[in-house]
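Here's the structure we're looking at; comments come further down.
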Number of protein chains: 2
Amino acid sequence: MATDRTHRPATSTRSRGIPEATVARLPVYLRALTALSERSVPTVSSEELASAAGVNSAKLRKDFSYLGSYGTRGVGYDVEYLVYQISRELGLTQDWPVVIVGIGNLGAALANYGGFASRGFRVAALIDADPAMAGRPVAGIPVQHTDALEKIISDNGVSIGVIATPAGSAQQVCDRLVQAGVTSILNFAPTVLSVPEGVDVRKVDLSIELQILAFHEQRKAGEDILPEGVIPDDETEPPVAPPADTVTKRPDPGSDGDRPAVMPA
Amino acid sequence: MATDRTHRPATSTRSRGIPEATVARLPVYLRALTALSERSVPTVSSEELASAAGVNSAKLRKDFSYLGSYGTRGVGYDVEYLVYQISRELGLTQDWPVVIVGIGNLGAALANYGGFASRGFRVAALIDADPAMAGRPVAGIPVQHTDALEKIISDNGVSIGVIATPAGSAQQVCDRLVQAGVTSILNFAPTVLSVPEGVDVRKVDLSIELQILAFHEQRKAGEDILPEGVIPDDETEPPVAPPADTVTKRPDPGSDGDRPAVMPA
DNA sequence: ATGCCTTTGTGAACGCGTGCACAAAGATGA
DNA sequence: TCATCTTTGTGCACGCGTTCACAAAGGCAT
Ligand SMILES: NC(=O)c1ccc[n+]([C@@H]2O[C@H](COP(=O)([O-])OP(=O)(O)OC[C@H]3O[C@@H](n4cnc5c(N)ncnc54)[C@H](O)[C@@H]3O)[C@@H](O)[C@H]2O)c1
Ligand SMILES: NC(=O)c1ccc[n+]([C@@H]2O[C@H](COP(=O)([O-])OP(=O)(O)OC[C@H]3O[C@@H](n4cnc5c(N)ncnc54)[C@H](O)[C@@H]3O)[C@@H](O)[C@H]2O)c1
């Protein structure tokens, strides 16, 4: 998963009784169900659907139980009916205008993404700070300048924004989006966005995903070489030099009023 | 979070003692630490770093405790040293050749992504099935035809592959990658990939992210209308038409194998 | 009707992840 | 050397999420 709910530990967790983990799986079920629907399959068992969605059947049944009892024992679930129920639960029965800010390589790719409009999401506008891009159509939609951001959000009643600007501009763009009324943000920039309570932020970070894969990859390689648990589990320091001379202990306990240590927020 | 570890419940979970949740946060810490390092900040307290990374300080300290005791009580953590330790733990001290398959809108954007090479990841090759793209340089790297996939993987010792092909081709491409020796896959196609044990798959799914945001967005809207907690916490059916007339309870307990209810998307 | 067979819905147990709160460690200054 | 102050490292408790296992429900055939 490239995303990761930013904050709201207790709040969103109990979102109306449906566990967050379940909410995250509903789209997956929906996709599988839609495929079945297109093949005119009338019903599916939890086992079959779970297999298609790549999850445990008990988990799937429990997930559905949060929505209500929509299955028929001995038979399974009605595909069409379930598609509707999940769509409704996810809020997909209504139209969600979305704005994409930062129409560079990624932003343009997102704008061209077909799966975007396929489920109730509509690209209401493409916004970029580069004056040279203003008016230029991308994916059939003319790019508008950042100056119009607030008006666009307001006029279209946009509540979901996608940030695809460089990291340095992300927080600033985020602030403007939130100020203008956006309450859900999908962030592709490699930055931790800080938003006021009530605003949801999900992030997609390619770099993080690769690093997580690298971690496991390294483990696999390590295990191949060291099938035995040679040194128990403590190769922590041996490899490199622990804090000693490098930069760590700068010899000067005195005043040093210049470099104000860290002092972040 | 747009990604989501596909399977391996017990296996990867206890990866060498470091919890999966911690592994997923290490890249975030690393990014914050790198920024501090560039500003020549020598040390940080867990509180400051946690704030920059957007997490709880206790969580951060516990995360670091899995790597060893690298902090100094009363002072904090040595930035440079921690950058090194985390990099090593994530396997970033080595070079990871990566191949991107499917050089369309998204694949091209990924190829152009600078943050790619910044941390030990190197785009070893760009692969596409379209003969017309063969040889065409994208981000300075010539696109190669799918026919050469196996040889490319093998020659470069690639163990990480990125799939950016249409959903329909994803599983097939995945199979070839795995067959050729890739053991970690980052999948951007909206499909559930099935892979043999030992292969890691992480997925990035824009559509799912938006749907999750829509769910919460819908809740927010609903709460605005119903400020009071009228019915305690069980508005499961009241809000919307429960199985009754709409399409819900198709009035006919008998057969009726035809057109079920609504079917939105 | 009745019994069999399939599949749901969920109680209960378990494990992971989170966050509090604090003892211990170590730096700093007298 | 000793007291004080800061910040780490972690024991502990709690809640969410996962999975097992099974009773109950319902379809279907006889
Ligand atoms: N390209 C990828 O595959 C990829 C992958 C992961 C993450 N990202 C991240 O996504 C973001 C965009 O990547 P990219 O490759 O498209 O970069 P890019 O440089 O091609 O595009 C960035 C665009 O944002 C615009 N922009 C800059 N500041 C702005 C502002 N304040 N308001 C509005 N628009 C502004 C620029 O004019 C430009 O068009 C970056 O943060 C990058 O790290 C990209
Ligand atoms: N564009 C986005 O923003 C975006 C967002 C989320 C998900 N996705 C997904 O990413 C994938 C790619 O999206 P896109 O917009 O770049 O599509 P695209 O059609 O622009 O590009 C797909 C590319 O894959 C190549 N391809 C097809 N079959 C192949 C095969 N068997 N082997 C190698 N290459 C093959 C095609 O030649 C084409 O160049 C799709 O699955 C899409 O659903 C895209």
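We use all heavy atoms of the structure for the numbers below, so side chains are in, but hydrogens, waters and symmetry mates are not. All chains are named by letter (A, B, ...) in the order of the sequence lines, taking the proteins before the strands, and each is independently numbered beginning at 1.
- We find that CG of L60(A) is positioned 12 Å from C1' of dT7(C), with the value rounded to whole Å.
- For the pair D200(A) and R219(B), the salt-bridge criterion is not met [side-chain N within less than 4.0 Å of a carboxylate O].
- Side-chain contact of R61(B) with S46(B): a donor-acceptor pair under 3.5 Å is present, judged by distance alone.
- For D63(B) and Y29(B), the side-chain atoms include at least one donor-acceptor pair closer than 3.5 Å.
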* To do: Take F64(A) and Y77(A) through the test side chain to side chain contact (heavy atoms under 4.5 Å, CB included) and record every step on the way to the result.
  => CA-CA 10 Å; F64(A) 286 172; Y77(A) 299 88; 3.7 Å; yes
Check: protein-nucleotides 6-10 of chain D nitrogen or oxygen pairs below 3.5 Å:
from, atom 1, to, atom 2, distance (Å)
dT7(D), O4', G74(B), N, 2.9
dT8(D), OP1, S46(B), N, 2.5
dT8(D), OP2, S46(B), OG, 2.6
dT8(D), O2, R73(B), NH1, 2.9
dG9(D), OP1, G71(B), N, 3.0
dG9(D), OP2, Y77(B), OH, 2.6
dG9(D), O4', R73(B), NH2, 2.9
dG9(D), N7, R61(B), NE, 2.8
dG9(D), O6, R61(B), NH2, 3.2

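- Atom CG of D78(A) and atom P of dT7(C) are 16 Å apart (whole Å).
- Judged purely by distance below 3.5 Å, without hydrogens or angles, the side chains of Q211(B) and S207(B) pair a donor atom with an acceptor atom.
- No side-chain donor-acceptor contact under 3.5 Å links Y84(A) and E80(A).
- The side chain of N56(A) contributes no N or O atom lying less than 4.0 Å from OP1 or OP2 of dG17(D).
- Atom CZ of R25(A) is separated from atom P of dG17(D) by 8 Å (rounded to the nearest Å).
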